[in-house]
Amino acid sequence: MRGDMLDIRFIREDPDKVKWACEQKGEDVSIDRLLELDERRRELVSEVDSLRAERNRITQRIKEAFASSDKETGCVLREKARKLSDAVKSKNDELKVVEEELNSLLLKVPNIPDGSVQEGKDENDNIVVREWGEKPHFDFEPKDHLQIGAMHNLFDMRRAAKITGAFFPLYRGAGARLERALVNFMLDTHTENGYTEILPPFLSNRASMTGTGQLPKLEEDMYRVEQDDLFLIPTGEVPITNYFREEIIDEDDLPMYFCGYTPCFRREAGSYGKKTKGLIRVHQFDKVELVKFVVPGRSCDELESLVADAERILQLLGLHYRVVRLCTGELSFASAKTYDIEVWAPGMKRYLEVSSCSNFGDFQARRSGIRFRRRGGKPEFVHTLNGSGVATPRLMIALLETAQRRDGSIVLPEPLVKYFGQAKIDG
RNA sequence: GGAGAGGUGCCGGAGUGGUCGAACGGGGCGGUCUCGAAAACCGUUGAACCGUAAGGUUCCCGGGGUUCGAAUCCCCGCCUCUCCGCCA
């Protein structure tokens, strides 16, 4: 359906489409400059190649000359080869400069929205594609998670701020145990459903961050360990997707499904004060991530089932939610198509995004060199997908607010009981 | 952190300045044989870039350097292994 998008060839063939994508996603990249560089690059490559070809021919003759003790010819040729080598070098340096700029521009070109995504500017253009369950009714005024948390001493944001800084969470007692229970419940649910569990490193290097598309754009949004040039992962997507960076996967091994628990670290630069009460927006949160590697033709269907797999968590917990298809303007840099899952938090009286499920097409695979080979064929890029299945803080918010009773106790949904160890939080 | 060893194709493993994109073995693929299979035998089997093509160029962990010429020599980095130290 879609070709080799974001391949330089694709950009060459359909620059308008790429420009449109940049516009839709609000990315400022000069495609014209990029094409200019591309053309210059090809010119230089030809020049360097033919210079080298000639150099190689002479080099061969030098060998022969010396082998037949024709020192004179040998020396003359050697002088000639030396000059050619110098020429190769300077042309090649020129080429490197061009390639460097070309490359850095290329890395800033966003993925192209899939044809099934509606055009739009902001969240008002997102489309609710379905809802599950309904908003619970209370015969009392439901408390929000902060009130509930305070009542049962589940978190302590104030002291967490002392330890680290504002907006770092700290769970305690039943709160900590509930967090742990949720993570385990989700992991078990997904592994029973065919996902292989991964527990990856929580820091990633620059190459990995570039591979999944966090870099270069989001450098400022990530915590960075300067000394080692590593980044704290903003999502489990990064380490899990990069698991296969620079590899050629056997076709028979596809599709591959992985899930993994990781904490996620986000600086959330500039977002203070923006609906950031309590646990809703924090610098560190836990998440179970789902990642798929699939054959190109399958990724559309795989996205639908990925969303369904994430939804299952909320269904099992009996939480009302809706699924939203993001418009072009709301898509992330790397995404071709994204569904958000928003769970209803009765205390906050609003929907909270707990999952974002995306099809990246071959965008990430291309950047990270993740390929597969069909029988007897040439390597091709896989398609990658991922989604949260799901993020805990907001899940916990929705759960606490939904499961509260008039007396302030929390009655846990049945599937969670064996993980939590008891059916109720009270007293 | 200290001392050594090493990173070569899908895998194992040669190669230590030209004739090497790379011996040899295994695997894969195709074929012969067979009722079929195994075995045996024969053939084939890396990737990227430029080019309509013919063809050319590059790649032996990554980056620099020496040289007419580097997988092969030198320097830096990354990674792996062994030993010592330290530590959860």
Side-chain angles (χ1 to χ4, degrees), chain A residues 4 6-13 34-107 199-211 215 225-231 239 242-254 256 263 293 362 365-382:
Chain A
D4 286 30
L6 300 210
D7 187 357
I8 183 70
R9 290 185 192 111
F10 178 83
I11 300 177
R12 228 146 51 198
E13 275 163 32
L34 199 151
L35 290 171
E36 193 181 310
L37 286 164
D38 171 50
E39 204 172 319
R40 182 71 185 133
R41 185 191 81 93
R42 283 184 292 159
E43 245 170 64
L44 285 167
V45 164
S46 295
E47 289 177 39
V48 170
D49 279 4
S50 56
L51 281 171
R52 267 204 272 246
E54 191 180 347
R55 199 266 325 271
N56 288 349
R57 277 195 294 275
I58 292 178
T59 271
Q60 189 62 20
R61 284 168 58 201
I62 292 173
K63 190 194 65 183
E64 285 156 13
F66 282 114
S68 59
S69 308
D70 185 355
K71 292 217 165 69
E72 252 174 82
T73 319
C75 289
V76 172
L77 287 173
R78 187 149 66 186
E79 199 44 47
K80 206 170 166 189
R82 198 193 313 262
K83 289 202 174 106
L84 275 169
S85 278
D86 289 347
V88 167
K89 203 175 170 199
S90 70
K91 269 291 171 211
N92 199 40
D93 286 347
E94 207 177 319
L95 174 62
K96 275 184 195 166
V97 172
V98 170
E99 278 185 330
E100 203 173 310
E101 190 186 342
L102 177 62
N103 217 346
S104 78
L105 275 185
L106 230 31
L107 285 174
L199 183 56
F202 300 156
L203 285 83
S204 289
N205 56 30
R206 205 163 264 284
S208 296
M209 286 298 178
T210 306
L215 289 179
V225 181
E226 187 118 16
Q227 197 170 16
D228 300 288
D229 201 25
L230 296 173
F231 299 84
N242 279 283
Y243 187 35
F244 291 105
R245 184 154 56 82
E246 303 298 333
E247 291 198 32
I248 298 175
I249 299 164
D250 204 57
E251 185 188 15
D252 298 337
D253 292 335
L254 295 176
M256 292 195 288
F293 301 86
D362 66 2
R366 191 176 287 285
R367 291 177 152 238
S368 345
I370 306 172
R371 296 177 291 174
F372 77 103
R373 193 196 304 274
R374 294 190 152 95
R375 286 181 136 254
K378 287 273 171 195
E380 301 172 53
F381 290 106
V382 300

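Protein chains get the first letters and strands the later ones, always in sequence-line order, with residue 1 at the start of each.
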Whom does B/rC24 pair with, Watson-Crick or G-U wobble, provided both distances fall under 3.5 Å?
B/rG12
Would you indicate which nucleotide in B/rC68, B/rC50, B/rU57 comes nearest to any side-chain atom of A/Ala53?
B/rU57
A/Ile58 and side chain to side chain contact (heavy atoms under 4.5 Å, CB included): which partner among A/Lys80, A/Arg82, A/Lys83?
A/Lys80
Considering only the C1' atoms, how many Å lie between B/rC75 and B/rC84, rounded to the nearest integer?
28 Å
Taking the C1' atom of each, how far is B/rA3 from B/rC74, in whole Å?
22 Å
Of the options B/rC68, B/rC49, B/rA47, whose atoms approach the side-chain atoms of A/Arg373 most closely?
B/rA47
Taking atom P of B/rC61 as reference, at what distance in whole Å does atom CD of A/Glu246 sit?
15 Å
Which part of the nucleic acid, if any, lies within contact of A/Arg57, taking any heavy atom under 4.0 Å across all strands shown: a base, the sugar-phosphate backbone alone, or nothing?
nothing
Rounded to whole angstroms, how far apart are CZ on A/Arg82 and C1' on B/rC68?
7 Å
Against the side chain of A/Asn56, the closest entry in B/rU57, B/rA48, B/rC49 is B/rU57
Sticking with atom P, work out how far B/rG13 lies from B/rC86, rounded to a whole angstrom.
34 Å
Roughly how far apart, to the nearest Å, are B/rA22 and B/rC59 at atom P?
14 Å
Using atom P in both nucleotides, what's the gap between B/rC50 and B/rG2 to the nearest angstrom?
44 Å
Over all strands shown, is A/Lys83 touching base, sugar-phosphate only, or nothing at heavy-atom distances under 4.0 angstrom?
nothing
A/Lys96 has its side chain closest, among B/rA48, B/rG64, B/rC68, to B/rG64
Tell me which nucleotide, if any, is Watson-Crick or G-U wobble paired with B/rA3 when both distances must be under 3.5 Å.
B/rU82
Suppose you measure atom C1' in B/rC61 against the same atom in B/rG6; what distance do you get, rounded to whole Å?
11 Å
Between B/rC50, B/rG56, B/rC68, which one does the side chain of A/Asp49 approach most closely?
B/rG56
Go ahead and name the base partner of B/rU34; Watson-Crick or wobble counts if both distances stay under 3.5 Å, otherwise write none.
none
Out of B/rC68, B/rG18, B/rG51, which has the shortest distance to the side chain of A/Arg55?
B/rC68
From the set B/rC68, B/rA47, B/rC49, return the single nucleotide nearest to any side-chain atom of A/Arg41.
B/rC49
Any strand: nucleotide that pairs with B/rG69 via Watson-Crick or wobble, under 3.5 Å
none
Pairing partner (Watson-Crick or G-U wobble, both distances under 3.5 angstrom) of B/rU52
none
Side chain of A/Pro379 (C-beta onward), nearest among B/rC50, B/rG18, B/rA48:
B/rA48
With the side chain defined as heavy atoms from C-beta on, A/Thr59 is closest, among B/rC50, B/rA47, B/rC68, to B/rC68
